[in-house]
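Report on the structure given below.
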Amino acid sequence: MAQPVLEVKNLHIEFPTRRGVLKAVDDVSFSIAPGEVLGVVGESGAGKSLTGAAIIGLLEPPGRIASGQILLNGQRIDNLPYEQMRTIRGRQIGAIFQDPLTSLNPLYTVGRQLTETIQTHLDLSDAAARDRAVKLLEEVGIPAARERIDHYPHQFSGGMRQRVVISLALAAEPKVIIADEPTTALDVSIQAQIITLLKRLCRDHGTAVMLVTHDMGVIAETADRVAVMYAGRIAEIGPVADVIHKPQHPYTVGLMGSIPEFDSDRERLIQIDGAMPRLDAIPAGCAFNPRCTRVHDRCKRERPDLLPAGVSEAACWLHAGAAR
Amino acid sequence: MNPFVQLNNVSKTFDVSAPWLNRVLERKPQTFLHAVSDVSFDIRRGETLALVGESGCGKSTVARLIVGLYAPSQGSVTVDGQDMKSAAQSTDASRALRRKVQMIFQDPYASLNPRWRVADIVAEPIRTHKLITDPAALDKRVAELLGFVKLTAKDGEKYPHQFSGGQRQRISIARALASNPEFLICDEPTSALDVSVQAQVLNLMKDLQREMGLTYLFISHNLQVVHHIADRVGVMYLGRVVEIGDKREVFGNPQHPYTRMLLDAIPDLKMTGKARTPVAGEVPNPLNPPAGCAFNPRCPKRFAPCDQSRPQTVSFKGRDVACFAAQEATP
Ligand SMILES: Nc1ncnc2c1ncn2[C@@H]1O[C@H](COP(=O)(O)OP(=O)(O)OP(=O)(O)O)[C@@H](O)[C@H]1O
Ligand SMILES: Nc1ncnc2c1ncn2[C@@H]1O[C@H](COP(=O)(O)OP(=O)(O)OP(=O)(O)O)[C@@H](O)[C@H]1O
Ligand code: SF4
Ligand SMILES: [Mg+2]
Ligand SMILES: [Mg+2]
């Protein structure tokens, strides 16, 4: 396999608080090859967005990387000074944030924000930058882009703002894209269009994508591999078809079961009872053990690391072989 | 008996003209955007109506018109017999109306005050409407509301920025439930949630509806979720409702070509390898909608009448449809 574009090694993210240190991301490792899409799914609050924020160097204090490394094309970027990281961000790593409103400045027109970003990274005249901005908006499916480019963010619908953020991230054709819920606010047809666009970037430019989403349909269609996160750790990681159709970790099994389906007429959806533990109350052993249907003794004592499970890897004692 | 919620020929137009000076200097005309055009529908008490449709088709604008955040340019909205225009007044009846109708916003970040603790955010509607005055009882109620959405009383001590996206969405759901509303407008309430929390929230919404007779307007892009939660579905296209009816009818036997296309565009979770058919053609321009039926540039069934006039909404096969081709096919 080619050298990964992006590598995350043993990443730990902490929040120091008065009552002690909260571990929000606990020993997460993965890599993404050129042209590959790694899907990241998992419980709300599991640490997906924090992992993405750490990669682009925008972890908000008091949150901090406690240990671990992040490498871009083999070079460490987690310890770069702010200014140097700023030039990497946007040019080499594009970020699409979960929250479209906070990434847009309400006081400037959409066009001004786009042309400024384009001109920061590419040496283009005002007119050429504006043309490129219009083209980017068209690519993400904004109708009448040439007129609407002069509107303000609040004059756009939720999904349209989301698409502006996507075009901002793509403006400089970065090598890595961190996409945090890029399509949640979008209807199925625009979604298909954005995904086609992302896939084209991967294919034509060898862009590596970390795609965080709750939409399993989008994952099925876009991702090559999937990482499932729970309580700050990777519970399972493997090829997309295996994770969806042959989930190995009991949490993944529950997750897949909770998806509403068309051909089902059940009154209630299957749910995993209970909630993910608070960061200051992560149980001993496997963090999923209080909710797990297959919990056994060892789960309450020892924390499982990723173990081979089928073609995937799962952090679950059911795959310890001898321990069963 | 009148339906609980009634929209009568509601339209909303926004002035999106360039600033006056630019208009004069650059000789640009005034421009108006028709976000919602002539929308009428009813929601019965205890029922869930879902609205679906392309991004930018006017769903959130309909929601904001119903809660009274926007005044209709034309037409009227009534809830429980009261015109929502009166909701902004300071009479007792208006206050009661505001308590009855609550909204969960599409953007959970923008709708939570960053300087307030979560417990105060959730307690705010209770305080405003003086529903509970005893502090201990209030704390208990806030803890119960947080529990509904799988957060704990301890989470109430924290501020919104300390939560993940999905957790913030749950805070806004807890707040919306705080005033014991009768009618809840949910704009993409679960799209920020992972499927397991989504299942819990949807189950909770159904339980509340059964126990307290809540009425929902539910906006979502996720058609599987809509299929699960809704009794009736309305499909919007470029500011108009093009098909509305019982969920089983609309999903099972769609009559409008746009509804059919939407259903074909659903991502393929089973990974049968079937490429999904994206809705064909250009997304229409709301500043300058096509003449005749607004869907005609993308429609596979287009024929002469579609270019000449706008199709009227007609009831047949258990739903209302605005499409010439569908009407012709049905004698
Ligand atoms: N400033 C902060 N202080 C304390 N805890 C925080 C802070 N920011 C985030 N957290 C916690 O870190 C955890 C991980 O958050 P993160 O935003 O990465 O979740 P996520 O997996 O992206 O979830 P979602 O799917 O809901 O967006 C959450 O439990 C959250 O409460
Ligand atoms: N305050 C406003 N000023 C000007 N135009 C607006 C305003 N609010 C909405 N619009 C426009 O009205 C149209 C409908 O917007 P709306 O937010 O209702 O769409 P939506 O169906 O909710 O879309 P999404 O699924 O993307 O949230 C869009 O073209 C939008 O740009
Ligand atoms: S380690 Fe044990 S508790 Fe954890 S998921 Fe596996 S079986 Fe369940
Ligand atoms: Mg997140
Ligand atoms: Mg909307």
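On a predicted model such as this, the values are computed, not experimentally measured, just so you know. So you know, we letter chains A, B, ... as the sequences are listed, proteins then strands, and number each from 1.
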Quiz item: Relative to the ring of Phe251(B), is the ring of His227(B) parallel (under 30°), tilted (30 to 60°) or perpendicular (over 60°)?
Solution: tilted
Self-check item: Among Ile229(B), Val225(B), Val195(B), residue most engaged with chain A (heavy-atom pairs, under 4.5 Å)
Solution: Val195(B)
Self-check item: Side chain / backbone / both / neither for Ile270(A) at chain B, heavy atoms under 4.5 Å
Solution: backbone
Exercise. Go through the atoms of Ser258(A) and report whether side chain, backbone, both or neither lie under 4.5 Å from a heavy atom of chain B.
Key: both
Quiz item: Quick one: what part of Glu147(A) sits under 4.5 Å from any heavy atom of chain B, side chain, backbone, both or neither?
Solution: side chain
Quiz item: Please walk me through it: do Asn222(B) and Ser220(B) pass side-chain hydrogen bond (donor to acceptor under 3.5 Å, both in side chains)?
Solution: CA-CA 5 Å; Asn222(B) 188 321; Ser220(B) 176; 5.6 Å; no
Quiz item: Just wondering, more than 12 heavy atoms not from Lys158(B) lying within 6.0 Å of its NZ?
Solution: yes
Practice problem: Name the member of Asp155(B), Val52(B), Val197(B) that forms the most heavy-atom pairs with chain A at distances under 4.5 Å. | Solution: Asp155(B)
Quiz item: Going by the angle between their ring planes, with limits at 30° and 60°, are Tyr70(B) and Phe14(B) parallel, tilted or perpendicular?
Solution: perpendicular
Quiz prompt | Region of Glu43(A) that comes under 4.5 Å of a non-hydrogen atom in chain B | solution = both
Practice problem: Please state whether the side chain, the backbone, both or neither of Asp273(A) comes within less than 4.5 Å of a heavy atom of chain B. | Solution: backbone
Quiz item: Looking at Arg117(B) and Glu157(B), what are the two nearest heavy atoms and their distance?
Solution: NH1-OE1, 3.4 Å
Practice problem: Cation-pi check, Arg148(A) to Phe156(A): give yes when NZ or CZ is under 6.0 Å from the six-membered ring centre and within 45° of the ring axis, no otherwise. | Solution: yes
Exercise. I would like to know whether Thr213(A) and Asp215(A) meet side-chain hydrogen bond (donor to acceptor under 3.5 Å, both in side chains); could you show each step before the answer?
Key: CA-CA 5 Å; Thr213(A) 177; Asp215(A) 192 326; 5.5 Å; no
Quiz item: Taking C-beta and beyond as the side chain, do Ile104(B) and Tyr216(B) meet within less than 4.5 Å on heavy atoms?
Solution: no
Practice problem: Side chain from CB out, backbone as N, CA, C, O: work out which of these in Lys154(B) comes under 4.5 Å of a heavy atom of chain A, or both, or neither. | Solution: both
Quiz item: Does any heavy atom of chain A fall under 4.5 Å from the side chain of Thr152(B), the backbone, both, or neither of them?
Solution: side chain
Practice problem: Name the region of Lys150(B), side chain, backbone, both or neither, that has any atom closer than 4.5 Å to a heavy atom of chain A. | Solution: both
Quiz item: Non-hydrogen atoms of chain A under 4.5 Å away: do they reach the side chain of Asp207(B), the backbone, both or neither?
Solution: side chain
Quiz item: Got more than 12 heavy atoms from elsewhere within 6.0 Å of NZ, Lys12(B)?
Solution: yes
Practice problem: Output the option from Arg170(B), Gln200(B), His161(B) having the highest count of non-hydrogen pairs under 4.5 Å with chain A. | Solution: Gln200(B)
Quiz prompt | Interface moiety of Leu263(B) toward chain A, non-hydrogen atoms closer than 4.5 Å | solution = side chain
Practice problem: Side chain from CB out, backbone as N, CA, C, O: work out which of these in Leu151(B) comes under 4.5 Å of a heavy atom of chain A, or both, or neither. | Solution: neither
